[in-house]
Undergrad: 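Just passing along the structure, written as structure tokens.
Convention: sequence-line order gives letters A, B, ...; per-chain numbering from 1. Basis for what follows: all heavy atoms, side chains included, without hydrogens, waters or symmetry-related copies.
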Amino acid sequence: MTDSEKPTNFIQQIINSDLETGTVKQVITRFPPEPNGYLHIGHAKSICVNFGIAQQYGGGCNLRFDDTNPEKEDEEYVNAIIEDVRWLGFQWQGDICYASNYFDQLYSWAQYLVNQNLAYVCELNAEDMREYRGTLTESGKNSPFRERPAADSLALLEQMKNGEIDEGAMTLRAKIDMASPNINMRDPVIYRIKKMAHQRTGDKWNIYPSYDFAHGQEDAIEGVSHSICTLEFAANRPLYDWFVANLPLPSTPHQYEFGRLNLNYTVTSKRKLKQLVEEQHVEGWDDPRMPTISGLRRRGVSATAIREFCDSLAVAKTDGVVDMAQFEHFIRDDLNNNARRAMCVLQPVLLTLSNYDKDKTEVFSAPGHPGRDDLGERSLPFGRQIYIDRNDFSEDTTLSRKKFKRLVIGDYVRLRSAYIIRADEVIRDSQGSITEIVGSIVPDTVGQDAPEGIRPRGVIHWVSAADSADCTVKIYDRLFSQAAPDSGEGSFLDHINPDSLKLLGGCKVEKGLANAVAGDHYQFEREGYFTRDSQSTDLVFNCTIGLRDNWKA
RNA sequence: UGGGGCGUCGCCAAGUGGUUAAGGCACCGGGUUUUGAUCCCGGCAUCGGAGGUUCGAAUCCUCCCGCCCCAGCCA
């Protein structure tokens, strides 16, 4: 779908109307990750939405770290997130923003609220506070500290800030309505004591603002016009608006929520991904089986594919689960159009062409891509001995041509970009397994149609035995064997697929790929799409995704 | 259960009172093909349910059913 055909989503409709009425002059959005984990495919949608809208309306999008909880955050994540956003192809407006840059301002707004008699220092402990909060059906009760004089709260807040109060002993709470049907409005905590160094502000603070007290104000400071987040924050919107209404903010941002991306056969929750990493169910955040941006990148998924996929998703208020096949479609689509072709034999078996001179070699030329001349040509050395895949050979002569379009003893097949050959006999070891196939070429068939009377069953790939490179290939399957690993009884860990990684050693690849670079994409013809693994020094290829395979055996 | 949100083909999703109810994915047929790929052609829903308003409803009203989110000093 092109942009012009794409329907206007509900956020764009709101923006259009804001622009028309003049309530908004310049569209500013933001992508606000908390640096407590790596970005995943779900974030990619949010990134595409936020940066995409800013781009569409000629505005800007901020990259802002919502670093209000030093307990869970780390600089490693900050750096990984920056790299991922950049790799996805987006550029934020101006400098990178941090919630922690606004801590002073936030603190003075907290004092402002106290002075307005709209916040107070509460000494209820966590347990009591829960008790006082009430339940979904019963309203809460006022804290006994609710009517504390502003001057006292101010002094206490200062002591909290200075580290003179124990963690958990006090909080600063907004004074709203303990009887509100929206639990978020029942005097929410806006500052809590955490005597903990922050990765950016060091030990300056002993108290940190809560998400609710920070987010809208950050938006206001940055002039964000449309603060777009996911559905689960909808219940926080009244609180967001309450701060915007009661604080002397430089602008009045608004929050809008859309449905986050869910994909089947995987998990998109930083908490769970972190667990997979920490409990070593995977190699790390960038394990190619992970739905993280870094994992997908290492797997060989292109940024373009991720963007196209995200753009194909609707921005709406429904929260569905997208079929992994839909993502895979965009991965294949991009790779099919852009990946260079190459041949790699995954399970090699030696094939000797008995009628081809021992000392003779030829070099054939094959296109880098069947439909793209700009990808040039590649050279394929050929000789008396080549490797083909064990799966491309059978001794069963009863196999129909339709059912088995590969090499069968006594029959013909086309070697891709080379000769038509025939299989004549097999050589076995003492165990009886095939160690070598002996065959023969049909002369003058390179680049030529099959001669009269010879009908190759199909086309198979191959590689020169003398002039190819050894490599290892990693084939991945879905990390979880259940479509919804999250749901149901038990842990999502119970549904980890034990066979999600298959390691194939001793593969043979075209010599030209011996120096392949991680991030370059290849289609190993008749197999799938691959990229060199960035974490190995040896020649290791990760299978990004297999080719579509429509034939039914 | 109180509040908020959502229910259109297996999945995603257009649709905002009058359309043969878009499109994509998946799937099923067929064609092309030196990749069983790509590509091409064709097939594939009466809109959660029941009432009602209307000449006319997926679109409006009523009731019902189902799913998601909120009771962190997480975000």
Undergrad: Check whether the ring centres of A:F233 and A:H215 lie less than 6.0 Å apart, and answer yes or no.
TA: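 So the answer is no for these two rings.
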Undergrad: Verify whether the ring centers belonging to A:H521 and A:Y529 lie closer than 6.0 Å.
TA: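 Here the rings of A:Y529 and A:H521 have centres that are no less than 6.0 Å from each other.
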Undergrad: Expressed in angstrom and rounded to an integer, what is the separation of A:R548 atom CZ from B:rG36 atom C1'?
TA: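 Taking CZ of A:R548 and C1' of B:rG36, I get 11 Å after rounding.
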Undergrad: For the pair made of CE in A:M185 and C1' in B:rG2, what is the distance, rounded to whole Å?
TA: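 Rounding to the nearest Å, CE of A:M185 and C1' of B:rG2 are 15 Å apart.
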Undergrad: For nucleotides B:rA71 and B:rC63, find the distance between their P atoms and express it as a whole number of Å.
TA: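 Going atom to atom, P in each nucleotide, I get 29 Å.
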Undergrad: Any luck finding a side-chain donor-acceptor pair between A:Y412 and A:R422 under 3.5 Å?
TA: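 A donor-acceptor contact under 3.5 Å links the two side chains.
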Undergrad: Between A:F327 and A:Y265, is the ring centroid distance below 6.0 Å?
TA: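 No - the distance between ring centres of A:F327 and A:Y265 does not fall below the 6.0 Å cut-off.
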Undergrad: Using atom P in both nucleotides, what's the gap between B:rA14 and B:rG23 to the nearest angstrom?
TA: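 My reading of the P atoms in B:rA14 and B:rG23 gives 15 Å.
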Undergrad: For B:rC55, which nucleotide in any strand shown is its Watson-Crick or wobble partner with both distances under 3.5 Å?
TA: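 Base partner found: B:rG18.
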Undergrad: In Watson-Crick or G-U wobble terms, both distances under 3.5 Å, what is the partner of B:rC63?
TA: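 B:rC63 is paired, partner B:rG49.
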Undergrad: If you measure from the P atom in B:rU59 to the same atom in B:rU16, how many Å do you get, rounded?
TA: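 That atom pair is separated by 12 Å.
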Undergrad: Write down the distance separating the P atoms in B:rC9 and B:rG72, rounded off to the nearest Å.
TA: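 Per the computed distance, 36 Å lies between those P atoms.
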Undergrad: Just how far, in rounded Å, is C1' of B:rA37 from CZ of A:R340?
TA: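 The distance from CZ of A:R340 to C1' of B:rA37 comes to 19 Å, rounded to the nearest Å.
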Undergrad: Hey, does the side-chain of A:Q523 have a donor or acceptor N/O within less than 3.5 Å of a partner on the base of B:rU35?
TA: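 Side chain to base: pair present.
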Undergrad: Would you say A:Y102 and A:E222 are linked by a side-chain donor-acceptor pair, where the criterion is simply a distance under 3.5 Å?
TA: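 The criterion, which ignores hydrogens and geometry beyond distance, is satisfied for A:Y102 and A:E222.
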Undergrad: Between A:D444 (CG) and B:rU34 (C1'), how many Å, whole number?
TA: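 My rounded result for the distance is 17 Å.
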Undergrad: What one-letter contact string describes nucleotides 9-21 of chain B from 5' to 3', where B marks a base within less than 4.0 Å of any protein heavy atom, S marks contact via sugar-phosphate atoms alone, and - marks no contact?
TA: --SSSS-B-----
Undergrad: A:G447 near the nucleic acid: base, sugar-phosphate alone, or nothing, with a heavy-atom cut-off under 4.0 Å?
TA: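 Base, at least one base atom sits under 4.0 Å.
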Undergrad: Which value, in whole Å, describes the distance between the C1' atoms of nucleotides B:rC39 and B:rA57?
TA: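 Going atom to atom, C1' in each nucleotide, I get 41 Å.
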Undergrad: Is there a Watson-Crick or G-U wobble partner for B:rC9 with both distances under 3.5 Å, and if so, which one is it?
TA: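 B:rC9 is paired with nothing.
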Undergrad: Identify whether any heavy atom of A:K405 sits under 4.0 Å from a base atom; if not, whether one sits that close to sugar-phosphate; answer base, sugar-phosphate or nothing.
TA: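 Contact class for A:K405: base.
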Undergrad: Evaluate A:R372 against A:N338 for side-chain contact (heavy atoms from CB on, under 4.5 Å), listing each step before the verdict.
TA: CA-CA 9 Å; A:R372 286 186 51 184; A:N338 301 308; 2.7 Å; yes
Undergrad: Taking any heavy-atom pair under 4.0 Å as a contact, classify A:R341: base, sugar-phosphate, or nothing.
TA: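 Base contact.
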Undergrad: Do A:R341 and A:H461 have side-chain atoms, one donor and one acceptor, less than 3.5 Å apart?
TA: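 No donor-acceptor contact under 3.5 Å links the two side chains.
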Undergrad: Between the side chains of A:Q255 and A:E257, does any donor sit under 3.5 Å from an acceptor?
TA: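 Yes, a side-chain donor-acceptor pair sits under 3.5 Å.
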Undergrad: Using OP1 and OP2 only, check whether a side-chain N or O of A:H329 sits under 4.0 Å from B:rC25.
TA: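 For B:rC25, OP1 or OP2 has a side-chain N or O of A:H329 closer than 4.0 Å.
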Undergrad: Tell me the partner of B:rC73, counting only Watson-Crick (N1-N3 plus N6-O4 or O6-N4) or G-U wobble (N1-O2 and O6-N3) with both under 3.5 Å; none if nothing fits.
TA: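 Paired with B:rC73, as far as the under-3.5 Å criterion goes, is no nucleotide at all.
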Undergrad: Using purine N1 to pyrimidine N3 plus N6-O4 or O6-N4 for Watson-Crick, or N1-O2 and O6-N3 for G-U wobble, both under 3.5 Å, which nucleotide pairs with B:rG42?
TA: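 Across any shown strand, B:rG42 pairs with B:rC28.
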Undergrad: For the P atoms, the ones on B:rU8 and on B:rG15, what distance do you get once it is rounded to whole angstrom?
TA: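 14 Å, rounded to whole Å.
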Undergrad: Can you measure A:L380 atom CG to B:rU35 atom C1' for me and round it to whole angstrom units?
TA: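 Whole-Å distance recorded here is 13 Å.
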Undergrad: Going by distance alone, is a donor N or O of one side chain under 3.5 Å from an acceptor N or O of the other, for A:N9 and A:Q12?
TA: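 Yes, because at least one side-chain N or O of A:N9 sits under 3.5 Å from a partner of the opposite role on A:Q12.
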Undergrad: Starting from P on B:rG5, measure out to CZ on A:F258 and report it in whole angstrom.
TA: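 After rounding, the gap between these two atoms is 18 Å.
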Undergrad: State the CD1-CZ distance between A:I460 and A:R416, to the nearest 0.5 angstrom.
TA: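 If I round to the nearest 0.5 Å, the distance is 12.0 Å.
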Undergrad: Hey, are A:Y240 and A:D219 close enough side-chain-wise for a donor-acceptor pair under 3.5 Å?
TA: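 A donor-acceptor contact under 3.5 Å links the two side chains.
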Undergrad: Rounding to an integer number of angstrom, what distance separates B:rG18 and B:rA37 when you compare their P atoms?
TA: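 The answer is 44 Å between these two P atoms.
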Undergrad: Contact class for A:T445 vs. all strands (heavy atom < 4.0 Å): base, sugar-phosphate, or nothing?
TA: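 Touches a base.
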Undergrad: Distance between the C1' atoms of B:rC40 and B:rU32, in whole angstroms?
TA: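 Going atom to atom, C1' in each nucleotide, I get 7 Å.
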Undergrad: I need the CG-P distance between A:N391 and B:rG36, as an integer number of Å.
TA: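 Atom-to-atom, A:N391 to B:rG36, this comes out as 14 Å.
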Undergrad: I'd like to know whether the aromatic ring centres of A:F213 and A:W109 sit less than 6.0 Å apart in this structure.
TA: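 Distance test on ring centres: not under 6.0 Å, no.
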Undergrad: For A:N262 and B:rC6, what is the distance between atoms CG and C1' respectively, to the nearest whole Å?
TA: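 After rounding, the reported distance stands at 14 Å.
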Undergrad: Using only modelled atom types and a 3.5 angstrom limit, is any donor from either the side chain of A:R406 or the base of B:rG36 paired with an acceptor on the other?
TA: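 For A:R406, whose side chain was compared with the base of B:rG36, there is a donor-acceptor pair (under 3.5 Å).
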Undergrad: Under 4.0 Å from any atom of RNA chain B, heavy atoms only: list the residues of residues 413-423 of chain A that qualify, in numerical order.
TA: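 Within this stretch, A:R414, A:R416, A:S417 sit under 4.0 Å of the strand.
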Undergrad: Generate the contact string for nucleotides 69-75 of chain B. Rules: B means base contact, S means sugar-phosphate contact only, - means no protein heavy atom under 4.0 Å.
TA: SBBSBSB
Undergrad: I want to know whether A:F530 and A:Y522 have ring centres closer than 6.0 Å.
TA: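 A:F530 vs A:Y522: aromatic centres not under 6.0 Å.
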Undergrad: For A:E525 and for A:E138, find the nucleotide of RNA chain B with the closest heavy atom, then tell me which residue's nucleotide is more 5'.
TA: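 So the residue in question is A:E138.
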Undergrad: What I want to check is whether the side chains of A:E362 and A:Y419 have a donor and an acceptor closer together than 3.5 Å.
TA: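 Short answer, yes.
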Undergrad: Check the chi torsion on B:rG72 and let me know: syn if it falls within 90° of 0, anti if not.
TA: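 Base orientation relative to the sugar is syn.
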